Number of protein chains: 2
Amino acid sequence: MLTRTTIEQRGRGMGRVSGVRSVASLIEMMGAPMNFARNSEIYGEGEPADYLYQVVSGTVRTSKILADGRRQIGSIYLAGDIFGLEVDDEHTFSAEAITDSRVLVIKRSALISLAARDSEVAHQLWTLTGRELARVQDHILLLVKTAQERVVGFLLEMAERVPAGDMIELPMPRQDIADYLGLTIETVSRTLTMLENDGAIALPTSRRVMLRKRALGRLNA
Amino acid sequence: MLTRTTIEQRGRGMGRVSGVRSVASLIEMMGAPMNFARNSEIYGEGEPADYLYQVVSGTVRTSKILADGRRQIGSIYLAGDIFGLEVDDEHTFSAEAITDSRVLVIKRSALISLAARDSEVAHQLWTLTGRELARVQDHILLLVKTAQERVVGFLLEMAERVPAGDMIELPMPRQDIADYLGLTIETVSRTLTMLENDGAIALPTSRRVMLRKRALGRLNA
DNA sequence: CGACCATTTGATATGGATCAAGCGATGTGG
DNA sequence: CCACATCGCTTGATCCATATCAAATGGTCG
């Protein structure tokens with residue numbers, strides 16, 4: 001865990017930055033790198049949302065534990081994705097590294113005060129939140145479908161997001177897929193074997209999936 | 001349906017407005033009133049998102065039809081709520097009036113250009129999108145629970161949002177509740193009668209619900 | 001009163017959860 | 001280098017919550 005001091009040092013002086021207005025490039029220029037081991041917490045639910053994060057490598061999830069102990073995964077972030085941005089001052093979900101991950105961290109207050117002066121930055125913050133909203137809305141649509149449709153939807157989403165061809169490497173174990181889709185690991189597993197039997201995918205290893213998009217598209221009601 | 005001309009006329013001159021920076025009050029001052037009959041469309045999925053809306057009276061839903069014909073309701077808007085704000089240029093859901101409704105309409109482009117000059121307005125737009133995000137995230141948590149928990153969650157949400165005591169008037173028929181919760185009307189109906197039998201609610205009419213919050217809270221895992 | 005629509009109630013079917021066991025890869029200690 | 005423990009995944013058997021199909025009831029408006 002990086003110390004607060006280090007982050008402040010790197011975050012300092014943002015007011016002087018000029019001509020750079022993409023939040024992503026601000027993070028890339030001034031973010032402090034931090035490493036998180038598999039399953040370690042990046043921030044907790046209810047904690048003050050003091051930082052904004054960008055995934056450099058690895059995979060991150062946000063999640064919430066329900067009263068009955070079940071866990072719901074809200075979002076999944078892959079390399080390049082920005083997460084942890086809140087409009088309120090508190091994180092509404094917690095965030096954990098799914099695999100060993102490297103992220104860049106930048107102070108939220110610095111961005112917000114920059115946004116007050118620079119309308120381009122303000123627009124970017126808005127856009128980031130809007131993208132998040134769009135993803136969550138898509139997620140809702142997934143959650144009301146059948147198990148097969150959820151799994152197919154998940155695979156197609158991953159195929160879009162990991163820059164690869166038809167062979168994708170799942171960035172997470174079955175349990176995380178299940179908690180993202182609101183299913184059990186057994187159902188996820190069975191559904192994948194079913195898809196394999198139907199020739200819609202191939203599973204050379206449990207983490208590698210060969211997608212036959214034509215067939216999947218047909219199953220993706 | 002109000003003509004475009006009328007809306008443009010009222011929307012004109014926003015640049016001259018000064019000292020008023022809440023989006024809600026901008027809409028109230030300059031919005032054009034429109035009326036929509038029960039079940040009529042306010043805007044369609046995929047249409048350009050040229051306007052922003054505020055409910056004056058009535059109830060509005062946003063929805064999407066899934067490939068199999070089922071309908072998912074994304075959000076519900078009551079008097080005072082702002083809806084239709086998009087970061088992209090297109091509406092991702094359609095919006096319909098659940099009951100006869102009156103809404104105020106304002107041009108999105110006017111707000112966006114105002115936001116470019118006025119950081120307070122920019123911050124407001126961001127906040128509105130952030131609130132929407134928070135609601136959708138809560139909605140996701142509802143959708144992975146049992147039928148009883150979903151219905152209880154819905155009732156408690158309504159109790160918070162309609163300014164009333166323990167007796168609330170449901171602003172929508174069973175079918176809309178079902179489509180919001182990802183259930184069938186039969187399950188919603190049965191669950192309500194069950195809650196009544198358990199003494200957690202009373203149902204003097206199908207639209208009026210007397211909430212015994214103590215009991216409901218206990219059921220709301 | 002009668003027609004229509006929303007809601008409730010009933011009977012049955014089924015998709016996914018649960019409980020349980022087996023399997024295959026990875027890693028560790030002897 | 002092999003035996004064994006561990007962990008993630010798959011497969012199997014059964015159960016149960018909710019969907020589906022069907023009919024009855026109730027409330028509203030002409």
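Here is how names work: the chains are called A, B, and so on, in the same order as the sequence lines, proteins then strands, and each is numbered from 1. As the structure is a computational prediction, the values presented were derived from the model and not from experiment.
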Would you indicate, yes or no, if D:dT11 has its OP1 or OP2 atom less than 4.0 angstrom from a side-chain nitrogen or oxygen of A:T193?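 So the side-chain polar atoms of A:T193 do come within 4.0 Å of the phosphate oxygens OP1 or OP2 of D:dT11, strictly under.
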Do B:R190 and B:E186 meet the salt-bridge criterion of a basic N to acidic O distance under 4.0 Å?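 Between B:R190 and B:E186 there is no salt bridge, as every charged N stays at least 4.0 Å from the carboxylate O atoms.
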Note: B:R135-B:D81 ion pair, threshold 4.0 Å (strictly below):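 Between B:D81 and B:R135 there is a salt bridge, with a charged N closer than 4.0 Å to a carboxylate O.
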Go through the side-chain N and O atoms of [X] and [Y] and say whether any donor and acceptor fall under 3.5 Å apart.
X	Y	answer
A:E132	A:S75	yes
A:E149	A:T146	yes
A:Y180	A:E157	yes

Applying side-chain hydrogen bond (donor to acceptor under 3.5 Å, both in side chains), name anything that partners A:R71, two or more places apart in sequence or on another chain.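 Checked A:R71 against side-chain hydrogen bond (donor to acceptor under 3.5 Å, both in side chains); matches are A:D176, A:D179.
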Polar pair under 3.5 Å, donor/acceptor by atom type, side chain A:R174, base D:dT11: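 Counting by modelled atom types and ignoring angles, no donor-acceptor contact under 3.5 Å is found here.
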Going by modelled atom types, is there a donor-acceptor pair between the base of D:dG8 and the side chain of A:R207 at under 3.5 Å?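 Counting by modelled atom types and ignoring angles, no donor-acceptor contact under 3.5 Å is found here.
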For a quick check of understanding: with a heavy-atom distance under 4.0 Å over all strands, which category does B:S189 fall into, base, sugar-phosphate or nothing?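 Base contact - B:S189 has a heavy atom under 4.0 Å of at least one base atom.
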Considering every strand and a 4.0 Å limit on heavy-atom distances, what is the contact class for A:R38: base, sugar-phosphate, or nothing? sugar-phosphate
Atom-pair distance (CD1 on A:I177; P on D:dT10), nearest Å: 9 Å
Between C1' of D:dA17 and CZ of B:R190, the distance in whole Å: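 Distance, rounded to whole Å: 11 Å.
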Identify the heavy atoms of A:A97 and A:F36 that sit nearest to each other, and give their distance. CB-CB, 3.9 Å
Nearest heavy-atom pair of A:L52 and A:F83: which atoms, and what distance? CD1-O, 3.6 Å
Stepwise salt bridge (charged side-chain N to carboxylate O under 4.0 Å, His left out) test for B:R108 and B:D89: CA-CA 10 Å; B:R108 172 177 171 272; B:D89 292 327; 3.3 Å; yes
Which residues within residues 179-188 of chain B lie with some heavy atom under 4.0 Å of an atom in DNA chain D?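 B:G182, B:L183, B:T184, B:E186, B:T187 - these, ordered by number, are the residues of the stretch whose heavy atoms sit under 4.0 Å from the strand.
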Taking DNA chain D as the partner, which of residues 141-154 of chain B come within under 4.0 angstrom of it by heavy atom? B:T146, B:A147
Taking five pairs at each end of the helix from C:dC1-D:dG30 to C:dG30-D:dC1, what angle separates the two helix axes (nearest 10°)? 30°
Can you give the first and last nucleotides of DNA chain C, 5' to 3', that have an atom under 4.0 Å from a heavy atom of chain B?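 In short, chain B contacts DNA chain C from C:dT7 to C:dA11.
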Give the B/S/- string for nucleotides 24-30 of chain D, one per nucleotide from 5' to 3', where a protein heavy atom under 4.0 Å of the base yields B, of only the sugar-phosphate yields S, and otherwise -. -------
Do A:E96 and A:S63 pass the side chain to side chain donor-acceptor pair (under 3.5 Å) test, and can you show the C-alpha distance, the side-chain angles, and the key distance before you say yes or no? CA-CA 8 Å; A:E96 304 97 30; A:S63 68; 3.1 Å; yes
Just say parallel, tilted or perpendicular for the rings of A:Y43 and A:H91, cut-offs at 30° and 60°. parallel
May I have the step-by-step check of salt bridge (charged side-chain N to carboxylate O under 4.0 Å, His left out) for B:E169 and B:R207, ending in yes or no? CA-CA 6 Å; B:E169 178 86 20; B:R207 290 294 194 105; 5.6 Å; no
Counting only heavy atoms not in B:R38, do more than 12 fall under 6.0 Å of its CZ? no
Taking C-beta and beyond as the side chain, do B:E90 and B:E47 meet within less than 4.5 Å on heavy atoms?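 Contact flag for B:E90/B:E47 side chains = no.
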Any non-hydrogen side-chain atom of A:L192 less than 4.5 Å from a side-chain atom of A:I201?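 Answer yes - side chains close enough.
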Would a distance-only check, ignoring hydrogens and angles, find a side-chain to backbone donor-acceptor pair under 3.5 Å from B:Q72 to B:K64? no
